[in-house]
Structure formats: structure tokens, C-alpha cells
Amino acid sequence: MAQKDEAARDQLAESLNDLFTSVSTMIKSQLQGTNNELEVLEKMNERVGEEYKGMGDVASGLRVFVEQLKSKGGNFDQYVQQIDAIEQQVTEFEAVVSMLDKHVSLLESKVLSVYPHPPHPTS
């Protein structure tokens, strides 16, 4: 009977050993999977960091470009003011020309009423 108990204990010990080995293997596999996931995340973070750095460089370059455009745009303000002044003068000149055109038309009709047939120039 002692041999039977010892055989049962050996079998139980062997089964427990197999169980612990299997659990250990499973935990190692899960830890390795987690480690692999963390490595992938680390590489992704590095990649995203590089992209953000590149975007920061682009944004910095754009800021400089915008500042240059602003300074150049400031130089055009005087020309825009001159163009506006010329446009105002042209509008006023068109009004004067329109008044002169009406006056000339009125004079022409008065002349035609006095001289219905204009004299022919002699060549």
C-alpha cells in the first residue's frame, strides 16, 4: 500500500510539475506578447515624434514666411493708397468730362439751330 501511495504521490507531483510548467510557459508567452506590443508602441511613438518634429519645422518655416509676407505687404500699403487716390481722381475727371460733353452737346444744338447747314470748308 505504501508503494501505491508513493506512486500516487509521484504521479501527483508529476502532474503538478506539468501544470506549473504549462502555467509558466503560458505566462512567459503572455509576457513576451506584451513585450512585443510595447516594442511596437515604442517604435510607433518614435515615428510619430519624428513626424511631429517635422511638422514643427514646417510650422516654424511657415511662421517666418508669413512674417516676410506681412513686411512685404506693409510696403504695398503706400501703393494701395496711391491707387485709391488715382481712382478718386479718375472718378472726378469722368464727372467733369461728362459735364463738358453735355455742355458741348448743348452748344452744338444751339449752333445747329442758328446755322442749320454747316458751311462747307473750301479746300
Side-chain angles (χ1 to χ4, degrees):
M1 178 92 171
Q3 262 186 350
K4 241 182 173 180
D5 285 341
E6 199 171 309
R9 281 188 205 152
D10 286 344
Q11 189 177 6
L12 179 61
E14 190 176 320
S15 293
L16 286 174
N17 190 31
D18 289 344
L19 175 67
F20 288 135
T21 302
S22 296
V23 168
S24 174
T25 303
M26 181 184 74
I27 290 172
K28 284 180 184 177
S29 297
Q30 287 180 344
L31 289 174
Q32 185 61 43
T34 301
N35 190 38
N36 291 343
E37 288 175 3
L38 290 174
E39 286 177 2
V40 168
L41 282 173
E42 181 182 10
K43 288 177 183 176
M44 288 172 62
N45 282 336
E46 289 173 359
R47 177 69 178 149
V48 168
E50 289 172 8
E51 287 186 29
Y52 279 136
K53 183 178 183 252
M55 288 180 193
D57 293 343
V58 169
S60 178
L62 286 175
R63 184 184 53 79
V64 169
F65 181 68
V66 166
E67 291 299 322
Q68 290 174 345
L69 284 179
K70 282 182 182 178
S71 69
K72 288 179 182 177
N75 294 337
F76 287 115
D77 286 344
Q78 66 182 6
Y79 298 118
V80 170
Q81 290 172 356
Q82 289 176 0
I83 290 170
D84 288 341
I86 291 170
E87 184 179 11
Q88 181 63 33
Q89 291 172 353
V90 166
T91 301
E92 292 170 2
F93 183 68
E94 286 174 343
V96 170
V97 167
S98 176
M99 288 174 51
L100 285 175
D101 187 46
K102 287 179 185 176
H103 186 69
V104 167
S105 292
L106 182 63
L107 286 175
E108 182 182 15
S109 47
K110 283 183 181 181
V111 167
L112 284 176
S113 69
V114 173
Y115 300 106
H117 299 295
H120 295 296
T122 55
S123 316

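We use all heavy atoms of the structure for the numbers below, so side chains are in, but hydrogens, waters and symmetry mates are not. Predicted, not measured: the structure shown is a model, and the values here were computed from it.
In this structure, Glu51 pairs ionically with Arg47, as a charged nitrogen and a carboxylate oxygen lie closer than 4.0 Å.
Within a 6.0 Å radius of CD in Glu67, other residues, nucleotides and ligands contribute more than 12 heavy atoms.
The CD atom of Glu46 lies 8.5 Å from the NZ atom of Lys43; values are rounded to the nearest 0.5 Å. Residue Ile86 holds its CD1 atom at 12.0 Å from CD of Gln81, rounded to the nearest 0.5 Å. Distance check: Asp101 CG to Leu106 CG gives 11.5 Å after rounding to the nearest 0.5 Å. The CG atom of Leu100 sits 11.5 Å away from the NZ atom of Lys102 when rounded to the nearest 0.5 Å. A distance of 11.0 Å separates CD of Gln11 from CG of Leu16, quoted to the nearest 0.5 Å.
Cluster annotation: Met55 is connected to Val48 through the hydrophobic network of ILVMFWY side chains, with a link wherever side-chain heavy atoms come within less than 4.5 Å. Residues Val111 and Val114 share a single hydrophobic cluster, defined by chaining ILVMFWY side chains whose heavy atoms lie under 4.5 Å apart. Follow the hydrophobic side-chain contacts under 4.5 Å out from Leu12 and you reach Phe20 in the same cluster.
Distance alone, capped at 3.5 Å, places no donor-acceptor pair between the Ser60 side chain and the Gly56 backbone.
Taking 4.5 Å as the limit, every side-chain heavy atom of Glu42 sits out of range of all side-chain heavy atoms of Leu38.
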Less than 3.5 Å apart, which donor and acceptor atoms pair up between the side chains of residues 26-34 and the rest of the protein, not counting sequence neighbours?
| from | atom 1 | to | atom 2 | distance (Å) |
| --- | --- | --- | --- | --- |
| Ser29 | OG | Thr25 | O | 3.0 |
| Gln32 | NE2 | Asn36 | OD1 | 3.0 |
| Thr34 | OG1 | Gln30 | O | 3.0 |

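Applying the side-chain hydrogen bond (donor to acceptor under 3.5 Å, both in side chains) rule to pairs touching residues 84-94 yields Gln88-Glu92, sequence neighbours excluded.
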